[in-house]
Amino acid sequence: MTTHTLTEEQTLAAQRKARIALLRKIGSTLTTYGLMTILAILFLFPIVFMIVAAFKKEANIRTDLTSLWAFVPNPDTVTLENMQNMLDRIPFEQFATTSIIITFLSVIGGLFINSMAAFSLARLRWFGRSAILYIIVSLVIIPLEAIAVPLMIQVSDVSPFLNVFLLALLGGVMALLWSILWSAGDAILNRYGVDLPKAANYIVRGIFTLALAFPIELTVYYLFKQSTQESAWREIAPRWLMDNVGFTADYPFMFVMTVTLGAATILLWRYSWERLAEIVKTNQATSNLSPAMKNIVHAVAATIIALPLELLFVYLFSEMQGSVQSWFNTYHVMIVPFLADPFSIFLFYQFFIGIPKDFDEAATVDGASHFRIYWDIAVPLTRPVFATVAILQFLRFWSFFMWPLLVTQGTEFAPLMVGMGFLRQGNEQTLGQEMGYAALVTIPVLIFFLVFQGWFVRSVSSSGVKG
Amino acid sequence: VENILENLKLTAKNIPQQFQNRQGRELQAALLLGGPAFILLFIFMVWPFVKGIELSRTNQLSTGQEGRNVGWTNFERLVSINFITMPEVPPRDELPEEFTRSGWYIGSDGDLQFRWRDLESQGLGKWASDNEADQYNIVKMFEVSDTYYAIIAKDPLFWRALFHNFYFVLLVVPIQTALALLLAILVNQKLRGMNVYRTTYFSPVVTAMAVITVVWIFMYNPSAGLINKMLGVITGQDINQDWIKDPQSAMPAVMILSIWQGVGFQMIIYLAGLQDIPEDLYEAAEMDGAGAFGRFRFITLPMLKNTTIFVVLTTTILAFRLFDQVQVMIAAGAPPDSVGTIVWYAIQTAQDGFIGKAASISIMFVIIVLLVSILQRVFIKPENALD
């Protein structure tokens with residue numbers, strides 16, 4: 001009897017305890033949600049305020065400040081007036097074009113250049129590899145702010161040799177792109193079982209290559225657009241191209257020159273290397289050299305042979321360009337110096353080093369070139385790191401502010417971040433316009449972020465863990 | 001059959017050659033693949049860095065003109081700093097209203113001020129003649145029991161910039177790190193809707209600093225600013241704080257904005273660290289009767305040690321690189337004397353045309369960043385060392 005009641009009491013006590021625990025749990029969950037919601041409001045209110053104010057009249061922005069209408073769009077007062085006024089006053093679309101060109105070219109070009117460099121560091125054995133690797137790792141800690149001033153001096157007076165050299169580099173990358181597209185066209189035709197006669201096959205692949213390369217060719221044109229540069233080649237350009245397509249004359253010339261020059265230099269370099277290797281092999285005097293020494297001899301000698309071609313182009317270009325050697329007020333001054341990025345190389349390196357060695361040994365036995373291994377094995381296996389680098393570089397170049405401020409004057413080449421400064425000129429009340437500008441810059445990126453937020457978060461966390 | 005044998009012999013003969021060639025081919029491929037990046041890095045990072053050291057020892061003016069080598073003068077001017085006792089203040093009624101020649105006077109706002117000229121007549125005779133005192137200026141003056149002391153430097157703005165950077169680091173780094181950890185722990189809970197909160201806290205990171213600063217400047221506006229109005233609604237008073245132009249509150253305004261924009265980044269890094277902590281550690285601790293705080297103190301914090309060091313040091317470097325916010329705020333009327341930072345000062349000097357001096361300020365900046373990076377290398381064990 002007594003035991004029975006005790007158990008009953010115990011059950012009651014246990015029940016009460018469980019209820020209290022449950023209540024406590026609900027309470028703490030609610031507190032957590034409350035705290036997090038307050039924090040969320042603190043984080044969101046500037047953005048919400050900006051977007052709402054962007055679509056309001058100047059007077060309404062001020063009167064709504066103390067009411068909730070500061071954060072909630074009021075259907076009665078929504079207007080595009082700010083945007084219209086802003087677009088009338090400053091060339092917003094020009095700023096946006098600049099920003100898009102800079103960001104797009106830097107990110108895409110950087111992905112190519114940095115991943116190739118990381119591949120050569122991680123997957124190939126060659127003399128000087130570890131030295132360069134250590135230099136790159138120590139370059140990671142040098143921020144742009146530290147070298148901005150001397151870099152500015154450097155780009156204010158670029159020697160014709162460097163100009164042409166970089167053109168050659170670009171030409172090489174373009175030739176590479178063409179060859180990739182050319183073989184990709186073949187692969188696509190094969191995949192869908194299309195069997196064409198040789199001539200038709202070449203035509204289809206040619207069209208495919210040109211069509212895909214066209215946007216990039218177009219950006220090359222923009223790359224060399226310079227406000228102060230009046231090219232003498234304008235005279236000989238086909239008129240219809242200028243009248244109908246809107247190209248200035250120097251575009252086709254520059255483009256053809258670029259690709260030819262780059263491809264020619266690289267081909268000549270490779271060809272001299274091969275020939276030299278044969279000569280050195282049969283020569284008595286050099287047969288005792290170690291393999292590493294021989295390779296150095298090849299590289300140096302091939303460079304010496306390829307150099308006159310380069311110098312010839314230096315001469316031609318410096319004649320053509322006249323005295324203009326400053327990179328100020330161009331697009332490429334905001335792209336080329338930042339294409340190679342030590343941190344990106346480092347991120348790529350860490351992923352490439354993780355691919356098992358058997359993969360490329362098997363491929364080497366099958367006769368694949370190193371570039372094939374990079375393109376067909378390393379790149380597909382490391383897609384996530386490409387996304388990571390692309391996102392981190394995107395955030396960096398989209399909000400690029402200090403460097404464009406130093407190297408651009410006026411509105412023609414100013415990106416969005418610098419262009420905003422032009423809104424403040426004059427005595428007009430421009431708060432609404434400023435909010436409109438800020439909203440137009442921020443909203444696309446926010447949407448992009450919301451769609452790919454998982455990738456953003458992964459990028460940031462992988463940038464942090466390794467350091 | 002003979003043909004085949006002949007071929008085989010040839011192949012066998014070729015094998016060592018091919019092996020030798022392979023090294024050559026690898027080097028060739030490495031140079032073709034990596035060459036562009038290595039060359040660009042050399043031209044646009046290594047070379048400017050070396051050139052910056054050279055420039056910092058010249059008096060080069062605006063772009064394009066060659067400067068003369070002036071040795072360490074630029075650095076000597078930057079680092080010259082001294083602490084002095086100011087001359088005695090004459091009785092209040094003897095002080096001139098406006099400065100007549102030199103010495104103490106009453107400024108237009110009724111404050112006691114000092115005109116820094118002609119020092120030998122002001123009781124600083126010996127020190128002044130020994131130390132080229134006419135090149136110095138007051139950085140900061142303060143009063144201890146009726147005696148005035150002053151920190152003086154040849155380049156007061158540089159020291160103020162340095163001070164602003166350290167002020168920013170000392171306040172922002174601890175607050176931002178703690179807030180990031182708090183947010184990460186909150187978001188890491190196994191509750192519904194955490195993704196939404198994570199996205200919310202992270203969203204300021206994707207906004208561009210130069211643009212979002214303009215939005216904040218509007219919110220900091222004294223008469224029409226959201227922040228004053230909201231504070232007014234909360235406190236019931238009319239608040240007219242001019243956040244940007246008031247020297248006292250300009251730097252805190254920059255700090256609030258920077259923390260708001262940057263904390264999401266650190267939160268994600270902490271989140272990655274939190275998710276690496278094995279779950280059974282917590283379970284074991286719970287069985288041993290550890291409370292929420294105990295688990296945080298004895299498991300979370302020690303396990304996050306490396307992450308914390310990383311976050312603190314990268315935030316420190318970012319804080320020393322502070323530029324965008326400051327530039328936009330100064331353009332909007334914030335006093336450079338109370339928000340200017342080292343990078344801002346270097347860029348400003350370069351835009352004013354003093355390239356040699358700007359380069360030497362950049363070098364000072366590099367030295368600070370290098371020191372912080374060395375700290376980072378010392379504190380973080382090399383978990384994944386190269387090779």
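Chain A is the first sequence line, chain B the second, and so forth, proteins listed ahead of strands; every chain is numbered from 1. Every value quoted in this text rests on a predicted model; they were computed, and no experiment measured them.
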Most heavy-atom pairs under 4.5 angstrom with chain A, which of B/Ile317, B/Val233, B/Ile217, B/Ile347? B/Ile347

Judged by atom type as modelled, is there a donor-acceptor pair below 3.5 Å linking the side chain of A/Gln154 to the main-chain atoms of B/Ile43? yes

Is B/Val369 in contact with chain A via its backbone, its side chain, both, or neither, using a 4.5 Å heavy-atom distance? side chain

Interface moiety of B/Met194 toward chain A, non-hydrogen atoms closer than 4.5 Å: side chain

Looking only at B/Lys229, B/Lys51, B/Met45, the option with the highest number of non-hydrogen pairs under 4.5 Å against chain A is B/Met45

Of the listed residues (A/Glu434, A/Arg125, A/Met435), which shares the most heavy-atom pairs with chain B below a 4.5 Å separation? A/Met435

Quick check for you: to the nearest 0.5 Å, what is the distance between B/Leu183 atom CG and A/Leu35 atom CG? 9.0 Å

Considering only heavy atoms, which portion of B/Leu31 lies under 4.5 Å from any heavy atom of chain A: side chain, backbone, both, or neither? side chain

Between CZ on residue B/Phe323 and CG on residue A/Leu144, distance to nearest 0.5 Å: 10.0 Å

At their closest point, which heavy atom of B/Arg192 faces which heavy atom of A/Tyr33, and how far apart are they? O-OH, 2.6 Å

So which residue, A/Pro143, A/Ser399, A/Gly110, ends up with the most heavy-atom pairs under 4.5 Å with chain B? A/Pro143

Side chain from CB out, backbone as N, CA, C, O: work out which of these in A/Val457 comes under 4.5 Å of a heavy atom of chain B, or both, or neither. both

Could you have a look at A/Ala122, A/Gly128, A/Ala438, A/Ala118 and say which one has the most heavy-atom pairs with chain B under 4.5 angstrom? A/Ala438

Applying a strict 4.5 Å limit to non-hydrogen atoms, the region of A/Leu395 in contact with chain B is side chain

Please state whether the side chain, the backbone, both or neither of A/Ile132 comes within less than 4.5 Å of a heavy atom of chain B. side chain

Indicate the atoms forming the closest heavy-atom contact of A/Met36 with B/Tyr201, along with that distance. O-OH, 2.8 Å

With chain B as the partner, which of A/Ala146, A/Pro46, A/Ala40, A/Ala117 has the greatest number of non-hydrogen pairs under 4.5 Å? A/Pro46

Salt bridge or not between A/Glu145 and B/Arg321? Use side-chain N to carboxylate O under 4.0 Å. yes

Residue, of A/Val149, A/Ile391, A/Val418, that accumulates the most heavy atom pairs under 4.5 Å with chain B: A/Val149

Going by heavy atoms in the side chains, are B/Phe202 and A/Gln453 under 4.5 Å from each other? no

Are B/Phe38 and A/Ser120 packed together at the side-chain level, in the sense that at least one heavy-atom pair is separated by less than 4.5 angstrom? yes

Closest heavy-atom pair and its distance - A/Phe43, B/Thr200: CB-O, 4.1 Å

Given a strict heavy-atom distance threshold of 4.5 Å, which part of A/Met402 is in contact with chain B: side chain, backbone, both, or neither? both

Top contributor to chain A contacts, counting heavy-atom pairs under 4.5 Å, from B/Leu179, B/Val366, B/Val206: B/Val206

Counting C-beta onward and ignoring hydrogens, is there a side-chain heavy-atom pair between B/Ser203 and A/Leu446 closer than 4.5 Å? yes

Just give me the residue among B/Leu226, B/Val343, B/Ile361 that pairs up with chain A most often, heavy atom to heavy atom, under 4.5 Å. B/Leu226

When every non-hydrogen atom of B/Leu33 is compared with those of A/Met116, the smallest separation belongs to O-CB, 3.2 Å

Between B/Trp260 and A/Leu42, is any pair of side-chain heavy atoms under 4.5 Å apart? no

For B/Leu55 and A/Ile153, which heavy atoms make the closest approach, and how far apart are they? CD1-CG1, 3.9 Å

Leading residue by heavy atom contact count with chain A [cutoff under 4.5 Å; candidates B/Ser362, B/Ala30, B/Gly225]: B/Ala30

Looking at side-chain heavy atoms only, is the closest gap between B/Leu186 and A/Leu39 below 4.5 Å? yes

Can you measure from OG1 (B/Thr207) to CE (A/Met50) and round to the nearest 0.5 angstrom? 7.5 Å

Is the backbone N or O of B/Val211 less than 3.5 Å from a side-chain atom of A/Tyr437, with the two atoms forming a donor-acceptor pair by type? no

Beyond-backbone contact of B/Thr199 with A/Phe456, side-chain heavy atoms, under 4.5 angstrom: no

Ignoring hydrogens, what is the shortest heavy-atom contact between B/Leu191 and A/Thr29? Give both atom names and the distance. CD2-CG2, 3.9 Å

Within the 4.5 Å heavy-atom criterion, are B/Met209 and A/Phe401 side-chain neighbours or not? no

Highest number of heavy-atom pairs under 4.5 Å with chain B: which of A/Leu339, A/Leu406, A/Asn114? A/Leu406

Is B/Val187 close to chain A through its backbone or its side chain, or both, or neither, when contacts mean heavy atoms under 4.5 Å? both

If you draw a 6.0 Å radius around CD in B/Glu54, do more than 12 non-hydrogen atoms from other residues or ligands fall strictly inside? no

Heavy-atom distance under 4.5 Å between the side chains of A/Leu151 and B/Trp47, does that happen here? no

Residue part contacting chain A, namely of B/Ile53, when any heavy atom lies under 4.5 Å: neither

Counting only heavy atoms not in A/Phe449, do more than 12 fall under 6.0 Å of its CZ? yes

So which of B/Tyr197, B/Phe49, B/Tyr270 has the biggest tally of heavy-atom pairs under 4.5 Å with chain A? B/Tyr197

Considering only heavy atoms, which portion of A/Phe45 lies under 4.5 Å from any heavy atom of chain B: side chain, backbone, both, or neither? side chain

